[in-house]
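Take a look at the structure below.
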Amino acid sequence: MGKGRKSKTGKGGGKQPPPAEPAETGRWKATRTWVAGIVSAVLVAAIGVVFTAWFTSRGTDAIDRISGTPPVTIGHVAVHHEERDLVLREPVTDPRERGILLGRATVEERAALLDRHHAALTDWMNATVVLVGNRNSLRIVDIKPRVLAREARSDGAFLKATTAGGEVDTVELGVDLDRPVPRFTTSDDPDVPYFTKKQIDLKRDERVTLSLKIRGKQAYYEFDLLATVLAADRTEQVVINGPDGSPFRLTGTSKTYRSVYTEVPEGAWAPVPAARVCVMFPKTGGC
């Protein structure tokens, strides 16, 4: 008879199940897991609070600086032309442009013609500039006119307004471009530059409206405004141009003009008869 098989219980036997953990050890592991979860949640919440506080106070400023956003936004620029005479640097001789000047054109075409001929107000202008804060805290420490061109007074064409009124509202700041170093002053203290004594503080989305009276009688000027802004211990400069993005223009009044027009309804101008030109500008040739 064959030998009966013996059950294998020795070294070559099947894998033994792991010994069961004591109940106390299992409960301790569960407790540790629970405590670790609580600590993690607290840390995440604390980090979130710190980040939120930082982002609220400085984070948006940092993002704006990295993205190149200026410290102030130019919200609005206007030059008040109402009832003010204009002067062109060159006469209007092209037939099509003469048609635009005489009224056969759109508002946009007339504006483009005036820009091509560097139309300028005479002797003084009132401008309004609105600046909007782009940082949580900033200070405008200076604004000054920067003269880009200074040439002889314009005398190409004089465009007489229907009613050339006098100076209107009193403005907050004024500057004379004829001075060697033009700086904004107040009417109460015309000899002291305004920004040497005061600055303008803004916070994010706060606005300041500047009413500016700018004078210049001795020449033709093209200029912009250069604002110096301090934010987070960094100084940046912001250039303010005219309403159409071009420099501001101003010219002193000339004694004679090569052509003279008067304003008529619907934004057009009509040539002034020679006899009347001699009354307006007696030194005109042929008068």
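Nothing fancy with the numbering, it's 1 onward along the sequence.
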(Q) Evaluate Val132 against Arg204 for side chain to side chain contact (heavy atoms under 4.5 Å, CB included), listing each step before the verdict. (A) CA-CA 8 Å; Val132 184; Arg204 185 177 295 276; over 6 Å; no

* Asked: Going through the checks in order, is the side chain to side chain contact (heavy atoms under 4.5 Å, CB included) test met by Leu86 and Arg84?
  -> CA-CA 7 Å; Leu86 291 172; Arg84 294 298 315 285; over 6 Å; no

Val77 vs Phe248, side chain to side chain contact (heavy atoms under 4.5 Å, CB included): CA-CA, chis, key distance, verdict: CA-CA 11 Å; Val77 179; Phe248 297 93; 3.9 Å; yes

- Item | From CA spacing to verdict: side chain to side chain contact (heavy atoms under 4.5 Å, CB included), Thr228, Ile140 | CA-CA 6 Å; Thr228 302; Ile140 301 172; over 6 Å; no

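Linking ILVMFWY residues whenever their side-chain heavy atoms come closer than 4.5 Å, directly or via other members, leaves Leu212 and Val141 in distinct clusters. In the hydrophobic cluster analysis, where Ile, Leu, Val, Met, Phe, Trp and Tyr join through side-chain heavy atoms closer than 4.5 angstrom, Phe158 is grouped apart from Val92. Under a hydrophobic clustering in which Ile, Leu, Val, Met, Phe, Trp and Tyr are joined whenever their side-chain heavy atoms come within less than 4.5 Å, directly or via other members, Leu210 and Leu138 fall into the same cluster. Note on Tyr257 and Leu250: separate hydrophobic clusters, where clusters join Ile, Leu, Val, Met, Phe, Trp and Tyr whose side-chain heavy atoms are under 4.5 Å apart, directly or indirectly. Cluster annotation: Ile74 and Met125 are assigned to the same hydrophobic cluster (Ile/Leu/Val/Met/Phe/Trp/Tyr, side-chain heavy-atom contacts under 4.5 Å, transitive).
When the shell of 6.0 Å around CZ of Arg179 is examined, it contains 12 or fewer heavy atoms from other residues, nucleotides or ligands. Other residues, nucleotides and ligands contribute over 12 non-hydrogen atoms within 6.0 Å of the CZ atom of Arg116.
Between Val208 and Glu206, the closest side-chain pair of non-hydrogen atoms is not below 4.5 Å. The side-chain heavy atoms of Asn241 and Ser246, taken from C-beta on, include no pair separated by under 4.5 Å. For the pair Thr209/Val129, no side-chain contact is recorded, criterion being any heavy-atom separation below 4.5 Å from C-beta on. Side-chain contact between Val239 and Gln237: absent, with no pair of heavy atoms (C-beta onward) separated by less than 4.5 Å.
Contact record, Leu225 with Pro145: CD2-CA, 3.9 Å, taken as the closest heavy-atom pair. Minimum heavy-atom separation, Glu97 to Leu113: O-CD1, 3.2 Å. Pairing each heavy atom of Gly103 with each of Ala268, the nearest pair is CA-CB, 3.4 Å. Closest approach of Ile240 and Asp224 over heavy atoms only: O-CB, 3.4 Å. Closest heavy-atom contact between Pro190 and Thr185: O-CG2, 3.4 Å. The two atoms that bring Ser259 and Gly156 nearest to each other are OG-O, 3.0 Å, heavy atoms only.
Of the possible polar contacts, none joining the His117 side chain to the Asp115 backbone as a donor-acceptor pair under 3.5 Å is found. With hydrogens and angles disregarded, a donor-acceptor distance shorter than 3.5 Å links the side chain of Thr186 to the backbone of Asp189. Judged by distance alone, with hydrogens and angles left aside, the side-chain atoms of Arg110 form no donor-acceptor pair with the main-chain N or O of Leu101 at under 3.5 Å. Side-chain atoms of Arg139 do not come within 3.5 Å of backbone N or O of Gln199 as any donor-acceptor pair. For the pair Glu109 (side chain) and Thr106 (backbone), a donor-acceptor distance under 3.5 Å is present. No side-chain donor-acceptor contact under 3.5 Å links Thr73 to the backbone of Gly75. Without hydrogens or angle criteria, Asp155 side chain to Thr256 main chain gives no donor-acceptor distance under 3.5 Å.
To the nearest 0.5 Å, atoms OG1 (Thr262) and CG (Leu159) are separated by 9.5 Å. Note: Asp142 CG to Leu230 CG = 12.0 Å, rounded to the nearest 0.5 Å. Rounding to the nearest 0.5 Å gives a distance of 8.5 Å between CG of Leu88 and OH of Tyr261. If you take CZ on Arg215 and CG on Asp176, they are separated by 5.5 Å, rounding to the nearest 0.5 Å. Expressed to the nearest 0.5 Å, how far OG of Ser211 lies from CG of Asn126 amounts to 8.0 Å. Summarising the geometry, atom CZ belonging to Arg183 is positioned 10.5 Å from atom CD1 belonging to Ile143; distances are rounded to the nearest 0.5 Å.
Inspection of the Tyr221 and Asp178 side chains reveals an N or O donor paired with an N or O acceptor under 3.5 Å. Side chains of Asn134 and Thr69: a donor-acceptor N/O pair is absent below 3.5 angstrom, by distance only.
Applying the salt bridge (charged side-chain N to carboxylate O under 4.0 Å, His left out) criterion to Arg98, with sequence neighbours excluded, gives no partner residue. Judged as a side chain to side chain contact (heavy atoms under 4.5 Å, CB included), and not counting sequence neighbours, the contacts of Tyr220 are Arg89, His118, Ala120, Glu151, Ser154, Glu222, Arg249, Thr251.
Here the two rings, on Tyr194 and Phe184, have centers that are 6.0 Å apart or farther.
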Donor-acceptor pairs under 3.5 angstrom involving side-chain atoms of residues 269-287: please list them, not counting sequence neighbours.
{"from": "Thr284", "atom 1": "OG1", "to": "Phe281", "atom 2": "O", "distance (Å)": "2.8"}

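Ion pair Arg258/Glu90 flagged as a salt bridge, since at least one NZ, NE, NH1 or NH2 atom sits closer than 4.0 Å to an Asp/Glu carboxylate oxygen. Under 4.0 Å is where a charged nitrogen must lie from a carboxylate oxygen, and between Asp123 and Lys217 no such pair does.
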